[in-house]
2 protein chains.
Amino acid sequence: MQAPQEQPKKEHCPAETTLAMISGRWKLLIWRELFSGVKRFNELQRSLTGITQKMLTQHLREMEADGLVYRKVYAEIPPKVEYSLTETGKSLQPLIEQMHEWGIEFTVTSHPPGSPVITVDSK
Amino acid sequence: MQAPQEQPKKEHCPAETTLAMISGRWKLLIWRELFSGVKRFNELQRSLTGITQKMLTQHLREMEADGLVYRKVYAEIPPKVEYSLTETGKSLQPLIEQMHEWGIEFTVTSHPPGSPVITVDSK
DNA sequence: CAGCATCCAGGACGATACTG
DNA sequence: CAGTATCGTCCTGGATGCTG
């Protein structure tokens with residue numbers, strides 16, 4: 001009794017697809033951690049101050065489902081799981097770098113530290 | 001009795017600042033509309049199928065507060081308001097274009113239309 | 001025409017406790 | 001160690017009605 005083709009949230013524009021994959025409270029931070037190398041679960045949790053296990057797991061699973069992250073499970077006791085960026089995940093690097101630089105430029109030109117928000121509209 | 005410097009959501013990384021400014025159900029769509037030229041409120045609402053007045057207003061105000069959008073009010077009756085991108089808003093163009101192209105590439109290589117989700121891990 | 005006010009549902013996120 | 005399960009809260013966004 002369920003609609004088979006139900007797709008309530010359908011991305012129209014490719015840019016929105018991209019946006020959806022990096023949107024999330026911790027995703028950019030997780031991406032950055034993994035970009036610096038392979039990491040274990042606890043390692044990530046220690047680096048990402050304040051993140052809960054639930055959110056770390058959830059975001060990692062989403063990124064894995066999106067094909068950005070590779071999850072390698074070692075059949076050992078105690079368990080050992082390693083996370084790393086896939087090629088697709090790594091391919092986000094130029095984009096995120098550009099976001100980073102735009103953010104810096106924006107902060108510098110629009111919000112100089114210590115200055116009140118004054119927009120000087122010359123002319 | 002309230003902490004004066006309370007800042008519950010503080011962006012750490014410049015990339016997150018950028019992300020915050022383009023995150024929102026309709027922001028990329030609004031940006032795209034305005035990128036093609038100056039638009040009036042109703043014009044935007046007609047183009048953005050499904051958006052409510054509330055969300056259009058809200059997103060426009062946020063983008064205005066962020067310095068991405070310029071709002072020009074004509075003191076007429078009936079009211080006339082024109083929205084356009086500021087220079088800062090326009091400067092997002094390369095970034096959004098790159099998001100667009102990454103999204104296309106991602107869709108082509110990871111989700112060929114009509115194909116089931118099969119990850120063929122050669123080797 | 002271009003809003004604003006109000007109410008509401010769903011999802012994102014956090015806190016906490018438990019487990020193979 | 002690396003999770004899962006449950007609960008509660010806040011926030012986003014949608015629906016609707018009213019206004020200068």
Side-chain angles (χ1 to χ4, degrees), chain A residues 2-3 6-12 16 19-31 33-34 38-66 69-84, chain B residues 2-3 6-12 16 19-31 33-34 38-66 69-84:
Chain A
Q2 57 187 6
E6 183 110 29
Q7 280 175 326
K9 294 220 173 181
K10 156 181 180 177
E11 266 85 37
H12 346 51
E16 299 215 310
L19 182 60
M21 296 178 64
I22 57 176
S23 288
R25 174 75 178 79
W26 300 93
K27 277 191 183 167
L28 282 184
L29 285 316
I30 292 174
W31 183 90
E33 288 303 314
L34 294 182
V38 179
K39 295 283 170 65
R40 297 183 58 173
F41 188 87
N42 268 9
E43 224 174 332
L44 287 171
Q45 195 178 8
R46 258 176 278 117
S47 305
L48 303 166
T49 321
I51 197 173
T52 59
Q53 285 152 336
K54 176 191 170 183
M55 289 315 297
L56 182 53
T57 304
Q58 185 175 309
H59 277 138
L60 283 169
R61 291 296 148 85
E62 287 171 13
M63 294 169 83
E64 188 191 3
D66 285 338
V69 160
Y70 175 62
R71 179 168 178 264
K72 181 164 189 179
V73 183
Y74 292 84
E76 304 174 355
I77 291 183
K80 171 179 173 181
V81 181
E82 283 180 350
Y83 291 93
S84 55
Chain B
Q2 56 186 7
E6 183 110 27
Q7 279 176 325
K9 293 221 171 179
K10 160 180 177 175
E11 264 84 38
H12 347 51
E16 300 215 310
L19 181 60
M21 295 178 66
I22 57 178
S23 286
R25 175 74 178 80
W26 301 92
K27 278 193 181 165
L28 282 184
L29 284 316
I30 292 174
W31 183 91
E33 288 302 317
L34 294 183
V38 178
K39 295 286 170 60
R40 296 184 57 174
F41 187 87
N42 268 10
E43 224 174 330
L44 287 170
Q45 194 178 9
R46 259 177 276 115
S47 305
L48 303 167
T49 323
I51 198 173
T52 59
Q53 285 153 337
K54 176 193 170 184
M55 288 316 296
L56 182 52
T57 304
Q58 184 174 309
H59 277 139
L60 283 170
R61 292 296 148 86
E62 287 171 11
M63 293 168 82
E64 188 191 3
D66 285 338
V69 161
Y70 175 63
R71 178 169 179 262
K72 181 165 190 177
V73 183
Y74 293 84
E76 304 175 355
I77 290 182
K80 172 177 171 182
V81 181
E82 283 181 349
Y83 291 93
S84 55

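This structure is a prediction, so every number in the text was calculated from the model and none was measured. Each chain gets a letter, A, B and so on, in the order the sequences are listed, and its residues count up from 1.
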Within a strict 4.5 Å, meaning less than it, do heavy atoms of the [X] and [Y] side chains meet?
X       : Y       : answer
B/Phe41 : B/Lys80 : no
A/Val81 : A/Arg40 : no
B/Glu82 : B/Val73 : no
A/Gln53 : A/Gln45 : yes
B/Thr52 : B/Leu56 : no
A/Leu44 : A/Leu34 : yes
A/Met21 : A/Lys27 : no

Quickly work out the [X] [atom1] to [N] [atom2] distance and round it to whole Å.
X       : N      : atom1 : atom2 : answer
A/Leu19 : D/dT12 : CG    : P     : 15 Å
A/Ile51 : C/dA12 : CD1   : P     : 15 Å
B/Leu48 : D/dG14 : CG    : C1'   : 15 Å
B/Glu43 : C/dG3  : CD    : C1'   : 17 Å
B/Ile30 : C/dA2  : CD1   : P     : 14 Å
A/Arg25 : D/dC10 : CZ    : P     : 16 Å

Please pick, from C/dA2, C/dG3, D/dA2, the nucleotide with the shortest atom-to-atom distance to any side-chain atom of B/Tyr83. C/dG3
When A/Met63 is tested against each of A/Tyr70, A/Tyr83, A/Trp31 for side chain to side chain contact (heavy atoms under 4.5 Å, CB included), which residue passes?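 Exactly one pass, corresponding to A/Trp31.
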Whether the side chain of B/Glu64 engages the backbone of B/Arg61 through a donor-acceptor N/O pair (distance < 3.5 Å, no angle test) should be reported.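 No: the side chain of B/Glu64 does not pair with the backbone of B/Arg61.
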Closest nucleotide of DNA chain D for A/Glu82 versus for B/Gly24: which of these residues is on the 5' side?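 The residue closer to the strand's 5' end, by nearest nucleotide, is A/Glu82.
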Between residues 71-81 of chain B and DNA chain C, which residues have a heavy-atom gap below 4.0 Å?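 Result for residues 71-81 of chain B: B/Arg71, B/Pro78, B/Pro79, B/Lys80, B/Val81, sorted by number.
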Can you check whether B/Arg40 has a side-chain N or O nearer than 4.0 Å to OP1 or OP2 of C/dA2?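 Affirmative; the distance criterion is met.
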Mind running a 4.0 Å heavy-atom check of residues 53-62 of chain A against DNA chain D and sending the residues that fall below it, in number order? A/Gln53, A/Lys54, A/Thr57, A/Arg61
